[in-house]
Amino acid sequence: MCKKLASILCALLLLSCCLEATASTIAIFPMEELTYGPNGVSFELRKLVAAELGDTGIDIISETVVDSFLARNRIRMLGLVETSDLMLAKNEIDADLVLYGSIFEKQHEPLAISVTLYLVRTGDSRIIWSNSSALSLADTKHLLGISEPQSREELLPIVIGRAMSTFPKRLDAVAEEETFFNIDEAVLAPKYIRPGEAVTCSVKLNTSEVTISKLGKPQIFVKARNRVFVANESPDKLFYKATWTGSDGTLLSSANTEEARVKLAMAVPDPSLYEAVLTGEKDGRYPVTLVLSWPSGAKKVAFLGSYYVDSAPPEMFADLKGYKLHGLTTFKDRLAIVPHMKHREPLSSWSITISDKEGKVVRSQKGRTNLPLQFIWNGRNAKGKYASDGVYTVTISALDRAKNQASLTEQVRLARTAPAVDVEVKPSDGGMVVGFQNKGDIPVTYWRLEMRSNGAPVKELEGEKLPVSVEVPMVSEPQADQLDCLLEVRDILGNEVKRDLKDFFTLASRTQGNSAAEKSETEKGEPAQNNWSTEF
Amino acid sequence: MNKPIALSIQTVLAFVILFAVVGCAGRNDPFLQRMAVLPKGEICNIAVLPFKNETDYPQGDILACRIFMAELINTGHYRIAQEGDIRRIYQQMNIFPGQMPDFDQIRMLSTLLDAQLIIAGKVIEMSDKKIADQVNPKLALSLQIYEGSSGRSLLSTYHRREGSQYRKVMHIGLINTVTSLAQRMSQEILASWNQEGLQKCTN
């Protein structure tokens, strides 16, 4: 009897030990509410989930402790839990497990609720269980409508019950201490260089004390194409850094000694590495790999990124949208400058300047990244006033990502002056001939002459080119203001002139009279007086 | 055999066949394009990048991504990288939301997350509007698997389904929510990947 009792007691004691050994602590984070947008909060869902866990024998850490942990560590994004947050939960609130998830409710009918839950083991940040469940009121139709949920409050517990139905009854909450050596952060800068410039690679490693005690501290190398560089610990002991240049021959690492080279050749699994250490760098892409080498012979190779060596500046040219006159693009009030690149590539910055013949900058603009599709100059200076007519120089400069500079220069001509027209009047039988001639060098594309006698239209002529001659009939008795002329001339750039020629007849008669006097004088042998005017 | 019993057995069999036929009608398997063979050896570590939402369904990308991740863990027991870690690395590498990482960035993600495979996805269609007193959710997903060490694309999958396609008889089997549809489609996609060689993790 005593023996039986003793054996029962031993069995109970063993059972209690086992139960104690499997008891885990779980922290339930407030759930992410996605109904109204990302990063909402649902405390209600947390309570319902905790109620479902009531019978599982897991110790649930109190909500107050969890909430103050989240606030203290500024964990704001409930659906975006990081490994570091989980390690903090393990260390600060002694959580073996963390349960988090999200809820989404459909806003329009019929009501539908979906829940997704994740259970994470904090020891190794592994998600050991997850489930999602969704139900709508249309899913819960029963025969004769018995026990159908009618509202959100009735539907939500059903959804959570279904989501938690596969929750594991037996949990492996304590993870074995694994050896790991993770790369927390790797920065390679700058990514684009010219030959001769330096690249620095900084690597922050994350490891456990167990790993260091088991494997020791590794040697760390950075391999860039066929060159290898030793990475040294930074003074603050947070990073390992290696710096090298992208040029021929120069090696900044400590691998210049024979001993270091031999070590490198042995450490890095590339038998040709030893000979390739001192090769130069040509333009191209250089992948960078981190190599961790332990005394035991263990190795870890990890890709960190690439950098590019670029010695060629971008090739650019520009289209100028205007009229080509005498070898220069000429415009009146709008010049479109369209830059092009021979081989498209991203740029880091650009600038455009417009300067006059003395070199004084009239307009300028700068920008970052790529060139705009086109520039428009409206012929005004930086103060908004029209620049004076003349020849200007347009210069576009650009820097590519490796800071190689390219520039192009073009000359343009601004012409806003109205066309100047010469008017010549010559007598003819029964009248006179009026000639119009373009004094400037910009071609005329349109002219129009309207003659009126006492307000009534007499003659209307138009054409496209100058010079032109027009016959004007003469009346016997010249009278003042009898014949008016309106002259309109427009050049190829759109510059216009309109002249109101009053007293035209009187002038013409005077001209004719002068001509007759000129003739009689000529007959008399005296020189003729030129009185006809080209000005109005 | 007694005639009534034989008749009832035949009737039951006919209904079973009818259920099977109706259930199978209108099904489309995921469209799969294989670019390369999956890496040899056991695959346990996977990173699922944030999905891109090409619809106007609010939070459609987050819903589809989380449901897919849940199914990935349930079916394959994979070690999935934490979403928060992925977002942090996105910020470090200046990858904007909705932007697909480039070749080098995929390799770096694999390094930093210690992931053998990288899965990226897009939600192309997502809707659950009520039409004539009934909701027929629709969902179309496009997923790609990349090899972490090389960055090369291995598999590309396109899958589109509607809730009514799962109807068996009357309203039996009908899927009424887009999230349930996402769950079912994720299971189908993973089954097709399983056939292509993506085995469960035994670790």
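All of these numbers come straight from a predicted model, not from anything done at the bench. Hydrogens, waters and symmetry mates play no part in the numbers below; they use all other heavy atoms, side chains included.
- No side-chain donor from either of B:Asn176 and A:Ser136 sits under 3.5 Å from a side-chain acceptor of the other.
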Could you walk me through whether B:Ile80 and A:Tyr118 pass side-chain contact (heavy atoms from CB on, under 4.5 Å), step by step? CA-CA 11 Å; B:Ile80 305 294; A:Tyr118 297 100; over 6 Å; no

Please output the side-chain donor-acceptor pairs of residues 63-72 of chain B that fall under 3.5 Å, not counting sequence neighbours, one pair per line with the distance.
residue : atom : partner  : partner atom : Å
B:Arg66 : NE   : B:Glu83  : OE1          : 2.9
B:Arg66 : NH1  : A:Glu32  : OE1          : 2.5
B:Arg66 : NH1  : A:Ser102 : OG           : 3.4
B:Arg66 : NH2  : A:Glu32  : OE1          : 3.0
B:Arg66 : NH2  : A:Gly79  : O            : 3.3
B:Glu71 : OE1  : B:Gln187 : NE2          : 3.2
B:Glu71 : OE2  : B:Gln183 : NE2          : 3.2

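- The shortest heavy-atom contact between A:Ile127 and B:Gln82 is CG1-NE2, 3.7 Å.
- Between B:Thr111 and A:Phe303 the shortest heavy-atom distance is OG1-O, 2.8 Å.
- In this structure, CG on B:Asp85 lies 8.5 Å from CG on A:Asp85, to the nearest 0.5 angstrom.
- Only the side chain of B:Arg88 comes within contact range of chain A, judged by heavy atoms closer than 4.5 Å.
- Looking at every heavy atom in both residues, B:Gln59 comes nearest to A:Pro38 through OE1-CD, 3.5 Å.
- Around CZ of B:Arg34, the count of heavy atoms belonging to other residues, nucleotides or ligands within 6.0 Å does not exceed 12.
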Apply the test side-chain contact (heavy atoms from CB on, under 4.5 Å) to residues B:Thr177 and A:Lys106: give CA-CA distance (whole Å), side-chain angles for both, the deciding distance (0.1 Å), then the verdict. CA-CA 9 Å; B:Thr177 59; A:Lys106 203 178 83 171; over 6 Å; no

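- The structure places CG of B:Asn45 at 7.5 Å from CZ of A:Arg126, a figure rounded to the nearest 0.5 Å.
- Heavy atoms of A:Ser306 lying under 4.5 Å from chain B belong to its backbone as well as its side chain.
- At a 4.5 Å heavy-atom cutoff, the contact between A:Leu86 and chain B is made by side-chain atoms alone.
- By the 6.0 Å contact criterion, CG on B:Asp56 is open, its count of non-hydrogen atoms from other residues, nucleotides or ligands being 12 or less.
- Contact between A:Leu34 and B:Ile62 at its shortest, heavy atoms only, is CD1-CG2, 3.8 Å.
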